[in-house]
Visitor: 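This structure is in structure tokens; I'll ask about it shortly.
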Amino acid sequence: MLWLALGPFPAMENQVLVIRIKIPNTGAVDWTVHSGPQLLFRDVLDVIGQVLPEATTTAFEYEDEDGDRITVRSDEEMKAMLSYYYSTVMEQQVNGQLIEPLQIFPRACKPPGERNIHGLKVNTRAGPSQHSPAVSDALPSNSLKKSSAELKKILANGQMNEQDIRYRDTLGHGNGGTVYKAYHVPSGKILAVKVILLDITLELQKQIMSELEILYKCDSSYIIGFYGAFFVENRISICTEFMDGGSLDVYRKIPEHVLGRIAVAVVKGLTYLWSLKILHRDVKPSNMLVNTRGQVKLCDFGVSTQLVNSIAKTYVGTNAYMAPERISGEQYGIHSDVWSLGISFMEPLQLLQCIVDEDSPILPVGEFSEPFVHFITQCMRKQPKERPAPEELMGHPFIMQFNDGNAAVVSMWVCRVLEERRSQQGPP
Ligand code: ATP
Ligand code: MG
């Protein structure tokens, strides 16, 4: 090992190494590594993947003393870089200079578009991971360019399997399973993986896999990206795009101008699903995900009847967002999704009032705008047929008012709430 060959500098092995990951045109993220000499190339790609979740990074570069860029693509090249870096650190120490962090430049990242004029920060902290970067400068959360089409191609090529996935933090538990933040080794990407225990026959497993096929065809910026699914023993893992803002259920009171933009995205997502003849069947705040780029996406829609049935065998129940006709066992249709859409945008207090036999709930006057109240009440008409049809939803004044594509509003709000949560939690 080259590290053992670094005879003249044994103290370096115990030193904390700071790697500064440079983001083109904008800033940098400092990552403190406590196990510098053991650091692997993959670890660095892993962290770059957290810092630039939308880019596909396969290598990175560092600069030598002449400013020439040297590419690192393997553990061997990593060792050469660290060896070179530690020799410069020794020089700085001897000369009594401040120790500069090791600067690296991720390669094959999409160049950022517009600048982060609001100085927003991206949540790049990675829970219990040993290799967690801390944000030093502002990152261009709005400008990280979308490369999910590329990622889809890499991931959806029948390549998803358990061996390539490293499970990280638990993002949450639902009735059906557990969702993990996970690292996909071959692509270096962070994913959300939902793991559901299902004691079913091989035949049913095959049926679920084929029903999930349609997800590869779903291509909308309002629907969570699907990267693949696989069975291992009695559990299915469903791999999707990771949304760094999480789901709407954990956000407290959302201002109406933000909620309006979220509602627009949800309506567009539902309209897209309905156009594919897919009913969502589980519209609720925990299935609406947001990210620091201001995107809003739907997840957990009932694309596989068999999967829905198999989960229902272990969990039978209703939830507060279900339409009255569903609770009473009548036919489910687009209108039932519309009810759940309406109730999802109400405050929890009003949710409690919603009992099948009572009148539809009404929002308190004065607190919300008239179009908003009208939108909710229309979606929550007792008679399914009286609820707005898809095109009426899009044409509703509340939706039209906020249908301006202004993702920055949602982005700033998500970033602010995440920042508040982080400062309440204190240092990691
Ligand atoms: P239910 O099982 O009744 O649908 P649920 O939606 O809360 O309830 P899960 O779907 O298992 O349960 O999700 C658990 C949590 O994981 C969600 O509340 C959400 O916060 C988080 N989560 C799910 N998918 C993602 C994702 N793609 N990116 C980030 N967080 C996610
Ligand atoms: Mg869910």
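Every value quoted in this text rests on a predicted model; they were computed, and no experiment measured them. Whatever order the structure lists them in is the order used to number ligands and atoms, beginning at 1.
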Visitor: Do NZ/NE/NH1/NH2 and the carboxylate oxygens of E162 and R235 come within less than 4.0 Å?
Guide: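 A salt bridge is present here (some side-chain N lies under 4.0 Å from a carboxylate O).
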Visitor: Output yes when D300 and K194 qualify as a salt bridge under the 4.0 Å nitrogen-oxygen rule, no when they do not.
Guide: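 A salt bridge is present here (some side-chain N lies under 4.0 Å from a carboxylate O).
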Visitor: Would K297 count as a contact of ligand 1 if the rule is a heavy atom under 4.0 Å away?
Guide: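 It does not; every heavy atom stays at 4.0 Å or beyond.
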Visitor: I'd like to check which ligand 1 atoms, numbered from 1 as shown, lie under 4.0 Å from a non-hydrogen atom of A192.
Guide: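 Result: 26 (C), 27 (N), 28 (N).
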Visitor: Heavy-atom distances under 4.0 Å are what count here, so tell me which part of D300 touches ligand 1: side chain, backbone, both or neither.
Guide: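 For D300, the contact with ligand 1 is made by the side chain alone.
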Visitor: Give the atoms of ligand 1, by number and element, whose distance to some non-hydrogen atom of G177 is under 4.0 Å.
Guide: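 Listed by number with element, the hits are 11 (O).
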Visitor: Show me which atoms of ligand 1 lie under 4.0 Å from any heavy atom of D282.
Guide: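 Those atoms are 4 (O).
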Visitor: Considering only heavy atoms, does N287 approach ligand 1 within less than 4.0 Å through its side chain, its backbone, both, or neither?
Guide: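 Looking at N287 and ligand 1, just side chain atoms fall under 4.0 Å.
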Visitor: Need the ligand 1 atom indices (1-based, order shown) with element for anything under 4.0 Å from a heavy-atom of G172.
Guide: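 So the answer, numbered in order with elements, is 14 (C), 15 (C), 16 (O).
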Visitor: State, with a plain yes or no, whether a side-chain heavy atom of K79 is found less than 4.5 Å away from one of L82.
Guide: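 No, side chains not in contact.
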Visitor: With respect to atom 1 (P) of ligand 1, which of E241, K181, H173, K284 exhibits the smallest heavy-atom separation?
Guide: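 Result: the heavy atom closest to atom 1 (P) of ligand 1 is in K284.
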Visitor: Tell me the closest heavy-atom pair linking K268 and M394, and the distance in Å.
Guide: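 Minimum heavy-atom separation between K268 and M394: CE-CE, 3.8 Å.
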Visitor: Would you mind listing which atoms of ligand 1 come within a distance below 4.0 Å of any non-hydrogen atom of T240?
Guide: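 Checking each atom against T240, I get 27 (N).
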Visitor: Looking at the Mg ion (ligand 2), is one of the N, O or S atoms of S286 less than 2.8 Å from it?
Guide: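 Checking S286: none of its N, O or S atoms is under 2.8 Å.
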Visitor: Could you tell me, atom by atom, which parts of ligand 1 come under 4.0 Å of a heavy atom of V179?
Guide: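 Close to V179: 9 (P), 11 (O), 13 (O), 14 (C), 16 (O), 22 (N), 23 (C), 24 (N).
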Visitor: Need the atom name: nearest N/O/S atom of D300 to the Mg ion (ligand 2).
Guide: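 Restricting D300 to its N, O and S atoms, the minimum distance to the Mg ion (ligand 2) goes to OD2.
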Visitor: Decide yes or no for N287 and F301: does some side-chain heavy atom of the first lie under 4.5 Å from some side-chain heavy atom of the second?
Guide: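 The answer is no, as the side chains (C-beta and beyond) never meet within the 4.5 Å cut-off.
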Visitor: Hey, is D244 close enough to R293 for a salt bridge, meaning N to O under 4.0 Å?
Guide: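 Not counted as a salt bridge, because no side-chain N and carboxylate O are separated by less than 4.0 Å.
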Visitor: Just checking Y183 against F242, ring centres under 6.0 Å apart?
Guide: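 No.
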Visitor: Using a 4.0 Å cutoff against the non-hydrogen atoms of S247, which atoms of ligand 1 qualify?
Guide: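 Going through ligand 1 atom by atom, the ones under 4.0 Å from S247 are 17 (C), 18 (O), 19 (C), 20 (O).
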Visitor: Between K194 and ligand 1, does any nitrogen or oxygen pair lie at a separation below 3.5 Å?
Guide: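 The answer is yes, given that K194 and ligand 1 share an N or O pair closer than 3.5 Å.
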Visitor: Do G246 and ligand 1 have an N or O pair less than 3.5 Å apart?
Guide: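 No; the residue has no nitrogen or oxygen that sits under 3.5 Å from a nitrogen or oxygen of the ligand.
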Visitor: Are the charged groups of R416 and E419 less than 4.0 angstrom apart, N to O?
Guide: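 Not counted as a salt bridge, because no side-chain N and carboxylate O are separated by less than 4.0 Å.
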Visitor: Given V72, which of E61, M81, R107 fulfils the side-chain contact (heavy atoms from CB on, under 4.5 Å) condition?
Guide: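 Single side-chain contact (heavy atoms from CB on, under 4.5 Å) partner of V72 among E61, M81, R107: M81.
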Visitor: Salt bridge check: are R387 and E325 linked by an N-O gap of less than 4.0 Å?
Guide: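 Looking at R387 and E325, the cut-off is met.
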